[in-house]
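First the proteins, then the strands, lettered A, B, ... as listed; each starts at 1.
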Number of protein chains: 2
Amino acid sequence: MMLQSWIDQLKRNGHKVTAPRRKLLQYLDGRDAPFTAEEIYGELSATGVGRATVFRTLKLLQDVGVLVRVHLEHGCQHYQAAPGIPGDTHHHDRIICRECGDIALLDQCPMRSDVSDIARRSGFRIQGHHLDLYGICSSCEELPTKDD
Amino acid sequence: MMLQSWIDQLKRNGHKVTAPRRKLLQYLDGRDAPFTAEEIYGELSATGVGRATVFRTLKLLQDVGVLVRVHLEHGCQHYQAAPGIPGDTHHHDRIICRECGDIALLDQCPMRSDVSDIARRSGFRIQGHHLDLYGICSSCEELPTKDD
DNA sequence: TTGCTTGCAAAAGCTTTGCACCCAC
DNA sequence: GTGGGTGCAAAGCTTTTGCAAGCAA
């Protein structure tokens with residue numbers, strides 16, 4: 001679904017659409033939760049894609065805005081498809097499920113309108129923000145609670 | 001200032017207060033911005049502290065709650081003293097300077113009061129959040145702008 | 001064709017582990 | 001005195017780089 005627009009995005013930036021890139025994008029297309037380089041390599045190596053290519057492609061896809069690196073509570077080498085909102089590539093407030101790692105995007109920024117004022121008291125000029133909400137998604141809420 | 005309470009925290013958890021640990025805590029005490037293991041090793045190695053000890057101690061201090069790992073835009077192996085606010089160890093909204101990396105804590109949570117409502121539309125039950133504002137601090141603002 | 005891409009393997013970082021010695025309690 | 005803690009060096013992992021061969025445009 002997003003596949004074609006991602007491919008266009010690559011072309012638009014002057015990059016070739018090669019087999020490994022296509023495979024990586026296909027993987028991305030079928031996946032919503034964040035993944036690590038290791039995970040995707042585990043998946044793609046079977047089809048002959050090299051480790052280095054995975055890293056290079058992940059970096060490339062970040063550069064053209066297809067991927068974003070996400071910073072989870074438990075580590076930060078995770079990647080995820082960037083939300084397809086034109087002109088808004090860098091503002092995606094998220095909700096992350098602590099059980100299953102599922103991520104949803106907020107349809108509305110939950111920041112107060114006077115954020116800049118609050119910030120200015122600290123002497124900062126605000127340029128942007130990065131917000132993750134943490135909680136439990138509906139699917140996990142329904143499951144019998146397993147404590148760990 | 002925090003030094004003594006951190007030392008107590010170590011003892012309370014059954015750990016010894018050794019010279020390297022004391023040095024690391026002293027470093028922490030005089031520092032507010034996040035630092036990496038490398039930075040602190042660079043600082044402490046001159047006094048004879050080994051690399052492994054730095055990593056082991058950082059992990060230990062996280063375990064007892066003195067340190068938290070922070071997740072910055074550009075990487076996540078950063079550590080910082082946990083805010084000494086009892087019962088609020090995990091809620092520190094921050095402002096981070098994109099120039100110098102300096103970090104300030106917000107004195108007020110800039111989230112709207114209806115966050116939970118917004119989130120609930122995604123089917124999530126919200127437990128907490130992690131917010132970083134990004135911008136330019138006053139010191140850097142004053143410097144002649146250097147583009148890179 | 002042409003130069004961007006790739007896979008391999010080696011290198012480079014960063015973090016952990018093994019081990020004998022040491023010191024806070 | 002004793003067991004946890006330490007420094008050193010080597011090992012382990014993850015990520016990057018070099019290079020000749022391959023392939024999309």
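- Nearest-nucleotide assignment on DNA chain D puts the 5′-proximal partner with H15(B), out of H15(B) and R51(B).
- Set against dC25(C), dT17(D), dT6(D), the side chain of A52(A) has dT17(D) as its closest nucleotide.
- For L60(A) and dT5(C), the CG to P distance is 7 Å, given to the nearest whole Å.
- In this structure, Q26(B) places its CD atom where more than 12 heavy-atom neighbours from other residues, nucleotides or ligands lie under 6.0 Å away.
- A donor atom on one side chain and an acceptor atom on the other are found under 3.5 Å apart for D8(A) and Q4(A).
- In the set dC25(C), dT16(C), dT6(C), dC25(C) carries the atom at the smallest distance from any side-chain atom of K16(B).
- Atom NZ in K23(A) sits roughly 12 Å away from atom C1' in dG7(C) (whole-Å rounding).
- Residue R21(A) is in sugar-phosphate contact alone, with no base atom involved, counting any heavy-atom pair closer than 4.0 Å across all strands shown.
- One cannot find a donor-acceptor pair under 3.5 Å joining the base of dG4(D) and the side-chain atoms of R56(B).
- Taking atom CG on L61(B) and atom P on dG5(D), their separation rounds to 12 Å, with Å as the unit.
- Residue V17(B) has its side chain nearest to dC25(C) when only dG7(C), dC25(C), dT17(D) are considered.
- Computed from coordinates, the F55(B) CZ to dT17(C) P distance equals 12 Å when rounded to whole Å.
- For the pair Y79(A) OH and dT15(D) P, the computed distance is 6 Å after rounding to whole Å.
- Atom P of nucleotide dG4(D) and atom CG of D63(B) are separated by 16 Å, given to the nearest angstrom.
- Across all strands shown, G48(A) has heavy atoms under 4.0 Å from sugar-phosphate atoms exclusively, and none from any base.
- Taking atom OH on Y41(A) and atom P on dA9(C), their separation rounds to 10 Å, with Å as the unit.
- R51(A) CZ: 12 or fewer foreign heavy atoms inside a 6.0 Å radius.
- Residues H129(A) and M111(A) are in side-chain contact: their nearest non-hydrogen atoms beyond the backbone lie under 4.5 Å apart.
- Between dT6(D), dC4(C), dT16(D), one nucleotide has an atom nearer to the side chain of K59(A) than all others, and that is dT16(D).
- Atoms CD and CG, from E43(A) and L24(A) in turn, are 10.5 Å apart once rounded to the nearest 0.5 Å.
- For the pair T18(B) and dT6(D), the criterion of a side-chain N or O lying under 4.0 Å from OP1 or OP2 is met.
- One interatomic measurement links the two molecules: CG of L24(B) to P of dT6(D), which rounds to 10 Å at whole-angstrom precision.
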